[in-house]
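Heads up: the structure comes next, in structure tokens.
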Amino acid sequence: MPAELPLDEVVVAGAVLLILLLFGLVWSLRSARRSALDQVVQATEELSAAKAEALRQAGLLEATVNSIRDGVSVMDAGGSILFHNRAAMELLELAPGQDQPLTEPGRYGLFHADGERLLTADEMPIVQALRGHVTTDLDVLFRGPTRPEATLSVNARPLDASAGLDGGGAVAVCRDVTEARRLQAALQEQYDQHDRLFGVLSDLGEGVAVLENGAFVLVNDAYAELTGYSRAELLQMRGADIAADDQAVETFAELRRELDQSSRLLAARTTRLRRKDGRVVPVESSGISIEHGGTPQRVFVVRDLTERERIQAELAGRAAELEEANQELAVARDAAVAATAAKSAFLATMSHEIRTPMNAVIGMTGLLLDTDLNSEQREFAETVRSSGDALLTIINDILDFSKIEAGELTLEVQPFDLRTSVESALSLVALAASDKGLELVASLDEACPAVLVGDVTRFRQVLVNLLSNAVKFTTEGEIVVSVSALPSPQVAESSLGGPPESVRLAVRVRDTGIGIPPDRMDRVFRSFSQVDSSTTRVYGGTGLGLAISRRLAEAMGGDLTVDSEPGVGSTFTFTPVLALGQRQPAVPAIGGGSLAGRQALVVDDNATNRRVLQLLLKRWGMTCVDLAEPQAALAQVAGGGRFDVAILDMHMPTMDGVELARELRRQPDGARLPMILLTSLQARLPAADRELFVSTLTKPARSSLLHEQLLAAVAPSVPTPRQAGPASERAGQAAVGESLRVLVAEDNLVNQKVAQLMLTKLGHRVDTVSDGREAVDAVRSTGYDVVLMDVQMPGMDGWEATRLIRDEVPAGRQPHILAVTASVLAEDQATSTAAGMDGYLTKPINPRQLADALAPVRARSAT
């Protein structure tokens, strides 16, 4: 074991060791402090240097941003502006410390590009950028308190945390583009003007070329096509490159010299160009000198003369042919004179051949109308009769045209009922209109005279022609005839030779057809011309009807005009001058007997039909409720509406007239309501449906027939005009004087029957023969008071038979001979007089005309 040390020594040794350790620790701490201080000093020096560098760079960045001409603004994530550069402060007129431009609606602030609406805070591009939206080249308008209005282009985008902003932010850059936009608009206007000018040049049918110092700088398509070069090729060439020869070069040089001395458009010169394919083209060139950008330029207008030279050569070649043709024309003229005479004879023959069967059609229907017929039968018979009259009108067109061209047209003067004439014309086209589903409506103004004096046949001929054309060229809609009296107090004595107390009518026929293009209006009234040649194939027709109609209108002291719009329709206006008549109308104008004060229900989906019916019923003293919807009519009756009569249209979109009548019958107030149905010619109702109505009338219903049926519906005990008197009295055929013995000489068996029935109705005894020889033999053996002598019969005609009767029959037994013919030639009347005939009747003969012709003979026989 080691020797143990004394305790004191151990303590002393430990103290010494402790002191040594403390000293070492103090020395170590002093060294560490000195080192740490050195590091702090070094770090402080480095930080100061870095701060100085950062300040220098920040100042450099600020100076750089402030030197930019574009305005720069930075916003933090909270929506506060952190920075505006100098340009932004100036552009937005911001004062130091001010971060938003002053705003006052309508005066200053940031506006949308149109300058009408102020940008809201949410619409600011920099605010939109905070929400993640990028704005590129957005034009806004700035109005400041002191600066004029300026256009600013704004770009804005969001900033993320990498930009050094806590939570991110947004930056907006704006630039003043006011002048740039103005220059851009001006440049665009120049481009537009250039395009317009070049477009005009391209549309010209003639070639246009602009040369500068002899080289092409602008050519249009027509010039390029003329030369065979493309426009790009010509712009690499000179004008002399396309001259055909030295003479052409000299011609263009002469033009340039003259252009240098004058600013006027020079007269055209003829020269020749050589095309790209080598072909020489004759041209006519004129020019004018202009200045563009301080540089003189020459504009040449060039026209191709190839076709003109070809035509000139062709004309020269035909000159000799024309001379030869003139000699042939002299021969043809003599042949034409002979042909004209043959044509007249042919027209007379054809007139007879066509009129003869027509006499049977019209005569038999006339006799049918003299019998007791119900309303439907009478309407059908009248339509057949009117159609026969219309066919005669068509037959007469060619003869009329010939007469008009020869100046031989004469007009009859006789009184006629205006409304009846218009309605009869409508009835002639009613079937064709019905076949196409067209509404046919007539409206006569109350100021129109009831009776006029003039040529009713020609009046109706014009109206029927206009209506036929309207039906032909209309596929859907309506055709409306309106008649009014024009204010013309100074109307003098008309061409009719009537009294000076006359009226000018305005008869308008309006349709909803295909219309007439403005550039084809000049063809409307041209003889043998259609508005469009294609319409001949689609619609037919000779193009003669309107030409005749206008000439007839002019002969009546008026005119025929047209207004039209393609796809909308046409309105023809016929303005004849007619004398006023004295006879009263057949149907009462106002009051209408027991119709006065009656209430009518009218249901029709066509507004024009309702208006016309309303005016007509008002004339007869009735009150009217007119409705377009069947449901509304049912509601009226169900609601307690009281009506004396209902007039229902058959064809309506939601419920037809028969269905409406059934529904009305189911209602208490409609069970006994008299109803009249208006329908088309094609409608044929079952017996059960007919029983719903007191009458069924064909549209357009004649006013007289409608008046008659209304009287029968509201007052069945009151006799109507058609019910009063026997059939013979209705036809105005009351006998005066003694019965005559009449011989009818007619080769057509049907015409014999017509004449026999007419004469029998008049109370005469009738015999018939079939030719002139039989007529002479009959007069020799029997004493006849009257002979109706057809002038054109086989074997012996009526003129020869009359001459023999006048020569061979004793004077005491000579009959009264009336020529009956379908011819309308004046020379035929003269031939009849020369043959010894006492009068002249034109086929087809109507009963009134026949009665008037026989009246003098009956009067003599009664004495």
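Every value quoted in this text rests on a predicted model; they were computed, and no experiment measured them. The first residue in the sequence is number 1, and the count goes up from there.
- Side-chain atoms of Arg460 never come within 3.5 Å of backbone atoms of Ser421 as a donor-acceptor pair (strictly under, hydrogens ignored).
- The structure places CZ of Arg458 at 10.5 Å from OG of Ser549, a figure rounded to the nearest 0.5 Å.
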Residue pair Val637, Phe643: steps toward the side chain to side chain contact (heavy atoms under 4.5 Å, CB included) verdict: CA-CA 8 Å; Val637 176; Phe643 300 99; 4.2 Å; yes

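- The closest side-chain heavy-atom distance from Val694 to Gln709 is not below 4.5 Å.
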Before giving the answer on side chain to side chain contact (heavy atoms under 4.5 Å, CB included), spell out for Val658 and Met650 the whole-Å C-alpha distance, their side-chain angles and the decisive distance to 0.1 Å. CA-CA 7 Å; Val658 173; Met650 177 62 182; 3.7 Å; yes

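- Contact annotation: the side chain of Leu580 never approaches that of Val453 to less than 4.5 Å [non-hydrogen atoms, C-beta and beyond].
- Evaluation of the ring-ring contact (aromatic ring centres under 6.0 Å, His included) test over residues 427-470, restricted to residues two or more places apart or in two chains, returns Phe416-Phe459, Phe459-Phe574.
- In terms of heavy-atom proximity, Leu373 sits nearest to Ala381 at CD1-CB, 4.4 Å.
- Between Leu418 and the options Val451, Val503, Val483, Val456, a side-chain contact (heavy atoms from CB on, under 4.5 Å) holds for only Val483.
- Looking at residues two or more places apart in sequence or on another chain, you find a side-chain contact (heavy atoms from CB on, under 4.5 Å) between Ala607 and Arg610.
- Rounded to the nearest 0.5 Å, atoms CD (Gln599) and SG (Cys624) are 7.5 Å apart.
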Using the side chain to side chain contact (heavy atoms under 4.5 Å, CB included) rule, take Met652 and Asp649 through it: C-alpha gap first, then chi angles, then the decisive distance, then the call. CA-CA 7 Å; Met652 293 182 285; Asp649 183 38; 4.0 Å; yes

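- Under the side-chain contact (heavy atoms from CB on, under 4.5 Å) rule, Leu601 has a single partner from Val645, Asp644, Leu627, which is Leu627.
- Going from atom CG of Leu648 over to atom CD of Glu659 covers 12.0 Å, rounded to the nearest 0.5 Å.
- When every heavy atom of Met556 is checked against every heavy atom of Asp455, the shortest pair comes out as CE-O, 4.2 Å.
- In plain terms, the two heavy atoms of Phe693 and Gly657 that are nearest each other are CZ-O, 4.0 Å.
- Looking at heavy atoms from C-beta onward, Leu706 lies in side-chain contact with Leu613 at the 4.5 angstrom threshold.
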Output side-chain donor-acceptor pairs under 3.5 Å for residues 437-445, partner residues at least two apart or in another chain, one line each.
unit_1	atom_1	unit_2	atom_2	d
Glu439	OE1	Asn609	ND2	2.6
Glu439	OE1	Lys699	NZ	2.7
Glu439	OE2	Lys699	NZ	3.1
Asp445	OD2	Ala447	N	2.8

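- The minimum heavy-atom distance linking Ser484 with Arg508 is given by the pair OG-NH1, 3.4 Å.
- The CD1 atom of Ile516 lies 12.0 Å from the CD atom of Glu565; values are rounded to the nearest 0.5 Å.
- Considering only heavy atoms from C-beta on, Val603 stays 4.5 Å or farther from Ile647 through its side chain.
- The one candidate from Val562, Leu463, Thr571 that meets the side-chain contact (heavy atoms from CB on, under 4.5 Å) condition with Val509 is Leu463.
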Take Asp626 and Arg611 through the test salt bridge (Lys or Arg N to Asp or Glu O under 4.0 Å) and record every step on the way to the result. CA-CA 8 Å; Asp626 62 291; Arg611 181 174 58 84; over 6 Å; no

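- A salt bridge links Arg510 to Glu478: at least one charged side-chain nitrogen sits closer than 4.0 Å to a carboxylate oxygen.
- Judged by distance alone, with hydrogens and angles left aside, the side-chain atoms of Arg551 form no donor-acceptor pair with the main-chain N or O of Leu546 at under 3.5 Å.
- For the pair Gly515 and Ser570, the tightest heavy-atom approach, listed with the atom from each and the gap, is CA-OG, 3.6 Å.
- Inter-residue side-chain proximity for Leu850 and Leu841 is flagged as met; some heavy-atom pair is nearer than 4.5 Å.
- A donor and an acceptor atom, one from each side chain of Asp559 and Thr575, are nowhere located under 3.5 Å apart.
- Here the side chains of Met622 and Leu710 are in contact, with some heavy-atom distance below 4.5 Å.
- Here the side chain of Gln377 pairs a donor or acceptor atom with the backbone of Asn374 at under 3.5 angstrom.
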Begin from the C-alpha positions of Arg662 and Asp689 and carry the test side chain to side chain contact (heavy atoms under 4.5 Å, CB included) through to its verdict. CA-CA 9 Å; Arg662 293 196 193 104; Asp689 291 340; 3.0 Å; yes

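- A distance of 9.0 Å separates SG in Cys448 from CZ in Arg419, rounded to the nearest 0.5 Å.
- With a 4.5 Å cut-off on side-chain heavy atoms, Val568 and Thr512 do not count as touching.
- With a 4.5 Å cut-off on side-chain heavy atoms, Ser502 and Leu578 do not count as touching.
- Put simply, the side chain of Ser564 gets close to the backbone of Gly569: a donor and an acceptor are under 3.5 Å apart.
- One N or O on the side chain of Lys436 and one on the backbone of Val471 form a donor-acceptor pair closer than 3.5 Å.
- Judged purely by atom type and a 3.5 angstrom limit, Glu423 has no side-chain atom pairing as donor or acceptor with the backbone of Thr420.
- In this structure, CD on Glu379 lies 8.5 Å from OG on Ser695, to the nearest 0.5 angstrom.
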